[in-house]
There are 2 protein chains.
Amino acid sequence: MARTGRPREFDREQTLERALELFWSRGYGATSIQDLVDALAVERGSLYGAFGDKRRFYLEAVRLYWQVYERHLVSALDTSPLLPGLREILTHPVRLDELISDRGVPQGCLVGNTTAELVPQDSEATEVVARSYRRFTDIVAGALRRAQAAGEVTDTCSPEAQAQLLLYIVQGLSLVSRAGLDKTAALAAIDAAVDGLRA
Amino acid sequence: MARTGRPREFDREQTLERALELFWSRGYGATSIQDLVDALAVERGSLYGAFGDKRRFYLEAVRLYWQVYERHLVSALDTSPLLPGLREILTHPVRLDELISDRGVPQGCLVGNTTAELVPQDSEATEVVARSYRRFTDIVAGALRRAQAAGEVTDTCSPEAQAQLLLYIVQGLSLVSRAGLDKTAALAAIDAAVDGLRA
DNA sequence: CGACTTCTTGAACGCCTAGTCAAGAAGTCG
DNA sequence: CGACTTCTTGACTAGGCGTTCAAGAAGTCG
């Protein structure tokens, strides 16, 4: 069944990506439709036609954000030994922060920002966020379980508890970094966390 | 110099406390002046007269929030051994969450929420937040330094790095809890963190 | 009492918001 | 070509927002 009608003039995916950046750097509430129209060079009506209302647009951007992040997460943890990859995941916000000083770019984790701004008032946002967190802990716990079995990571507590703790650390770091990041202190803290996992 | 003119009919401090609760549970953007007028039973003009504009009102509430929290923090860490008090600080968000299920009450840490919503766009908010974080790490690092000297806490890394890590953990827990808290998993994660500090 | 000061009240202001819609443009299909 | 469908455009709507302000109320002070 061929698609008929006037073809869309903008690239939906690319527009979503740019909207993601805007939402990421400014937050949901502080990004107006007009901001999006200006930045994306797509008129209001077309945005509404392609993405529905603002909330749906935003949530789709969050889902895309997480999809990309999760891909990164999985590939970084698919290594042996595990701890270097894990360290890379934890230091990710620090590296993001370096990009920021160059241009005016996103800050923190979009899922974390969403948690603070929309959860728990918006049930759909709460689902997206909760699912993201669950997937993070599932993926990390799986990797830790393998590393425990290999004798690389201490088995003084369960991989699930370790993964949960790591979630807190990443999210905490992402959040706190927004207020100004002392890179040295952050890396020292991360090293302390990683060392605590060593067998 | 006696104060003349018509006396204020509401209790400024008590009103600020109730505004704090509202801002805490809904966030800055989602709390309108009208919401405040309704909840506080104080008319708009009086609020503006007493607190200035919305931003100043909010920031004053955040400062009050932190003042109360810091008092709690200091008293909980002024103990020997340190780790039980530290554990109490870390589990604080979990206990807050229990209150929530009873009535519709604040969630997360107000400073953390402010970080996500206003920082870094609002420089004054950024200052308030950054100062709060700095005070947290200073207080906690001081306590850890003493506990390291007493042989209670491991000295495999500096008290500053440990304190920084603990800041991430508390903030991460506060944030993630908004999306739904698995109390068991949270406590297991906290125990893992506290155990990691033990000498 | 009358002058002065501050607080209260709620209407009003201007602005910005998310969202809608009608008219026209640009394709496909018979 | 003409029918049909979808996308584009930007003016428009309705409502909510933070903020202001003038008029009156409630005190103090001489």
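Here is how names work: the chains are called A, B, and so on, in the same order as the sequence lines, proteins then strands, and each is numbered from 1.
The neighbour count for B:R56 CZ, taken as heavy atoms of other residues, nucleotides or ligands under 6.0 Å away, does not exceed 12.
For residues 166-177 of chain A, the pairs satisfying side-chain hydrogen bond (donor to acceptor under 3.5 Å, both in side chains) are A:Q164-A:Y168, with sequence neighbours left out. Applying the salt bridge (charged side-chain N to carboxylate O under 4.0 Å, His left out) definition to pairs two or more places apart or across chains, none involves residues 77-86 of chain B.
Annotation: side-chain hydrogen bond (donor to acceptor under 3.5 Å, both in side chains) contacts of A:T184 (sequence neighbours excluded): none. Under the side-chain hydrogen bond (donor to acceptor under 3.5 Å, both in side chains) criterion, A:S80 pairs with no residue, sequence neighbours left out. Not counting sequence neighbours, A:E117 has no partner by the side-chain hydrogen bond (donor to acceptor under 3.5 Å, both in side chains) test. The side chain to side chain contact (heavy atoms under 4.5 Å, CB included) test applied to B:E88 returns B:H72, B:A76, B:R95, not counting sequence neighbours. Scored by the side-chain hydrogen bond (donor to acceptor under 3.5 Å, both in side chains) test, A:Q67 finds no partners at all (sequence neighbours excluded). Taking A:R55 as the reference, A:Y28, A:D53, A:L59, A:D122, A:E124 meet the side chain to side chain contact (heavy atoms under 4.5 Å, CB included) condition, with sequence neighbours excluded.
In this structure, A:E152 contributes its side chain and A:L83 its backbone to a donor-acceptor pair below 3.5 Å. One N or O on the side chain of A:R178 and one on the backbone of B:A116 form a donor-acceptor pair closer than 3.5 Å. In terms of modelled atom types and a separation under 3.5 Å, the side chain of A:W24 and the main chain of A:G108 share a donor-acceptor contact. The backbone N or O of A:F23 sits nowhere less than 3.5 Å from a side-chain atom of A:N113 that would complete a donor-acceptor pair.
Side-chain nitrogen and oxygen atoms of A:T4 include none within less than 4.0 Å of the OP1 or OP2 phosphate oxygen of D:dC4.
If you check residues 9-18 of chain B against DNA chain C, the residues with a heavy atom closer than 4.0 Å are B:E9, B:F10, listed by number. For residues 47-54 of chain B, proximity to DNA chain D is found at B:Y48, B:D53, B:K54, defined as any non-hydrogen atom under 4.0 angstrom from a strand atom.
Residues A:P7 and A:G29 both approach DNA chain C. Their nearest nucleotides, taken by heavy-atom distance, put A:G29 toward the 5′ side. Between B:G5 and B:T31, the one whose closest nucleotide on DNA chain D sits nearer the 5' end is B:T31.
If you take CD1 of B:I33 and P of D:dG18, they are 5 Å apart, rounded to a whole angstrom. Note: CG (A:L36) to P (C:dT17) measures 11 Å, nearest angstrom. For the pair A:D38 CG and D:dG10 P, the interatomic distance rounds to 12 Å; values are reported in whole Å. Whole-Å rounding puts the A:R8 CZ to C:dA25 C1' distance at 16 Å. In this structure, the CD atom of A:Q34 is 13 Å from the C1' atom of C:dG19, given to the nearest Å. Nucleotide C:dA26 holds its P atom 6 Å from the CZ atom of A:R6, rounded to whole Å.
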Could I get a table of every N or O pair under 3.5 Å where one atom is in the protein and the other is in nucleotides 10-12 of chain C?
| residue | atom | partner | partner atom | Å |
| --- | --- | --- | --- | --- |
| C:dG10 | OP2 | B:E43 | OE2 | 3.3 |

Taking Watson-Crick and G-U wobble pairs with both distances under 3.5 Å, convert DNA chain D into its dot-bracket string, 5' to 3', dots for unpaired and | for cross-strand pairs.
||||||||||||||||||||||||||||||
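A cation-pi arrangement is present between B:R8 and B:F10, with the terminal nitrogen or guanidinium carbon under 6.0 Å from the aromatic centre and inside a 45° cone about the axis.
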